[in-house]
Amino acid sequence: MPEGPSIVILREAVHSFTGKKVISAKGNTKNIDFTQLEGTKIIAFKSWGKHFLIRFPKFTIRIHLLLFGTYRINERKDSPARLSLTFAKGEELNFYTCSVTRIDQPLDEVYDWSADVMNEQWDSKSALSKLKKQPAALICDALLDQHIFAGVGNIIKNEVLFRTHIHPESKAGKIPLAKLKQLVNETVIYSFQFLEWKKEFTLKKHWLAHTKKICPRDHIPFKKSYSGITRRRSFYCEVCQKLYR
DNA sequence: TGGAATGTTGGAAC
DNA sequence: CGTTCCAACATTCC
């Protein structure tokens with residue numbers, strides 16, 4: 001469910017609820033006071049990386065779907081909702097097994113919009129300079145660093161590294177600048193490609209590396225390892241993905 | 001059927 | 001006190 005592009009799909013799916021008044025708020029989250037939502041209007045829906053943000057006049061509700069989070073629009077699951085918002089005419093938004101928190105500061109103080117790969121304010125140069133400040137970091141870790149690439153998850157990581165021919169355990173500081181620029185650019189391109197394929201329900205079909213056993217370029221077995229400090233699984237080809245070290 | 005997975009956090013350990 | 005590391009959370013799929 002929850003890499004950045006999937007959160008964009010969620011944001012687009014609930015867009016018509018903008019401006020609507022919450023009639024009642026319920027759920028099993030212990031982090032928020034439901035009564036403060038009731039009777040207030042949603043000003044806007046936003047997202048930052050994997051964070052889904054519901055703006056109310058005086059505060060924001062942040063929803064993070066983590067690994068297993070789901071939602072339903074004008075429908076319910078059998079399991080209890082973490083947060084359930086109901087509106088006039090029986091309309092409702094339901095969120096399950098997610099993290100729900102309240103943000104009281106202005107969002108511009110909380111979020112660096114230029115770090116969100118899906119945001120129009122995304123800034124490749126900024127990402128590049130952050131990478132340069134962490135020369136010892138493995139690139140598989142850097143790609144998952146939400147301060148640099150907010151919204152990138154393990155699927156995007158594996159796909160982008162394969163597409164740019166970079167070994168996941170390469171050191172950020174050892175990758176030539178031109179190659180690093182290519183990586184940053186490809187991360188954004190693939191994230192939007194992910195968005196389109198996800199909307200078409202053809203995302204998995206287009207995976208070249210993630211969960212794959214054979215390299216489609218060299219037709220030899222992929223390596224699978226739990227690499228970096230993040231210890232997330234990496235799928236890569238030792239022949240066509242260069243290790244910079 | 002048990003184990004692993006598109007992820008993050010809080011607190012223990014040092 | 002700062003940093004690091006790992007258990008915990010919880011659902012779905014194979």
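Throughout, a chain's letter reflects where its sequence line sits, starting with A, and its residues are numbered from 1. Side-chain atoms are counted along with the backbone in the values below, which use heavy atoms only and exclude waters and symmetry mates.
The side chain of A:Leu66 lies closest to B:dT8, out of B:dT8, B:dT6, B:dA4. Comparing atom distances between the A:Phe68 side chain and each of B:dT8, C:dT12, B:dA5 picks out B:dA5 as nearest. Ranking C:dT11, B:dG7, B:dT6 by closeness to the A:Lys77 side chain, first place goes to C:dT11. The nucleotide whose nearest atom lies closest to any side-chain atom of A:Thr97 is, among C:dA10, B:dA5, B:dT9, C:dA10. With distances taken from any side-chain atom of A:Glu3 to the nucleotides B:dA4, B:dG7, B:dT8, the minimum falls on B:dG7.
Residue contacts for A:Lys204: at a heavy-atom cut-off of 4.0 Å it reaches no nucleic acid atom on any strand shown. Within 4.0 Å (heavy atoms only), A:Arg82 reaches sugar-phosphate atoms of the nucleic acid but no base atom.
Between A:His64 and B:dG7, a side-chain N or O to OP1/OP2 separation shorter than 4.0 Å is absent. The side chain of A:Arg232 places an N or O atom within less than 4.0 Å of a non-bridging phosphate oxygen (OP1 or OP2) of B:dG7. Remark: A:Arg62 is in phosphate contact with B:dT9, judged by side-chain N or O atoms under 4.0 Å from OP1 or OP2. An OP1 or OP2 oxygen of B:dT8 is reached within less than 4.0 angstrom by a side-chain nitrogen or oxygen of A:Lys50. Note on A:Tyr71: every side-chain N or O is 4.0 Å or more away from OP1 and OP2 of C:dT11. Contact annotation: A:Arg233 reaches the phosphate of B:dT6 (side-chain N/O to OP1 or OP2, under 4.0 Å).
To the nearest whole angstrom, the two P atoms, one in B:dG11 and one in C:dA10, are 15 Å apart.
Atom P of nucleotide B:dT6 and atom CD of A:Gln193 are separated by 20 Å, given to the nearest angstrom. B:dT6 atom C1' lies 15 Å from atom CG of A:Leu195, rounded to whole Å. Rounding to whole angstrom units, NZ of residue A:Lys198 and C1' of B:dT6 are separated by 8 Å. Per the geometry, CG belonging to A:Leu65 stands 11 Å off P belonging to B:dT8, to the nearest Å. In this structure, CZ of A:Phe235 is placed 7 Å from P of B:dT6, rounded to the nearest angstrom. The interatomic distance linking A:Phe201 (CZ) with B:dT6 (P) rounds to 21 Å, in whole Å. For the pair A:Leu67 CG and C:dC9 C1', the interatomic distance rounds to 10 Å; values are reported in whole Å. The distance from atom CD of A:Glu159 to atom C1' of B:dT6 is 12 Å, rounded to the nearest whole Å.
Of the two residues contacting DNA chain C, namely A:Ile229 and A:Ser79, the nearest-nucleotide position lying further toward the 5' end is that of A:Ile229.
Taking a 6.0 Å sphere around NZ of A:Lys204, one finds it holds 12 or fewer heavy atoms contributed by other residues, nucleotides or ligands. Annotation: A:Arg76, atom CZ; neighbour count of heavy atoms from other residues, nucleotides and ligands within 6.0 Å does not exceed 12.
Pairing partner, B:dT1: none, since no Watson-Crick or wobble contact has both distances short of 3.5 Å. With a cut-off of 3.5 Å on both pairing distances, B:dT6 has no Watson-Crick or G-U wobble partner at all.
The shortest distance between side-chain heavy atoms of A:Leu85 and A:Phe17 does not fall below 4.5 Å. Here the side chains of A:Leu66 and A:Thr97 are not in contact, with every heavy-atom distance at 4.5 Å or above.
For the 3.5 Å distance criterion, the side chains of A:Asp108 and A:Trp113 qualify, holding a donor opposite an acceptor.
Separation of the A:Tyr71 and A:Phe52 ring centroids does not fall under the 6.0 Å cut-off.
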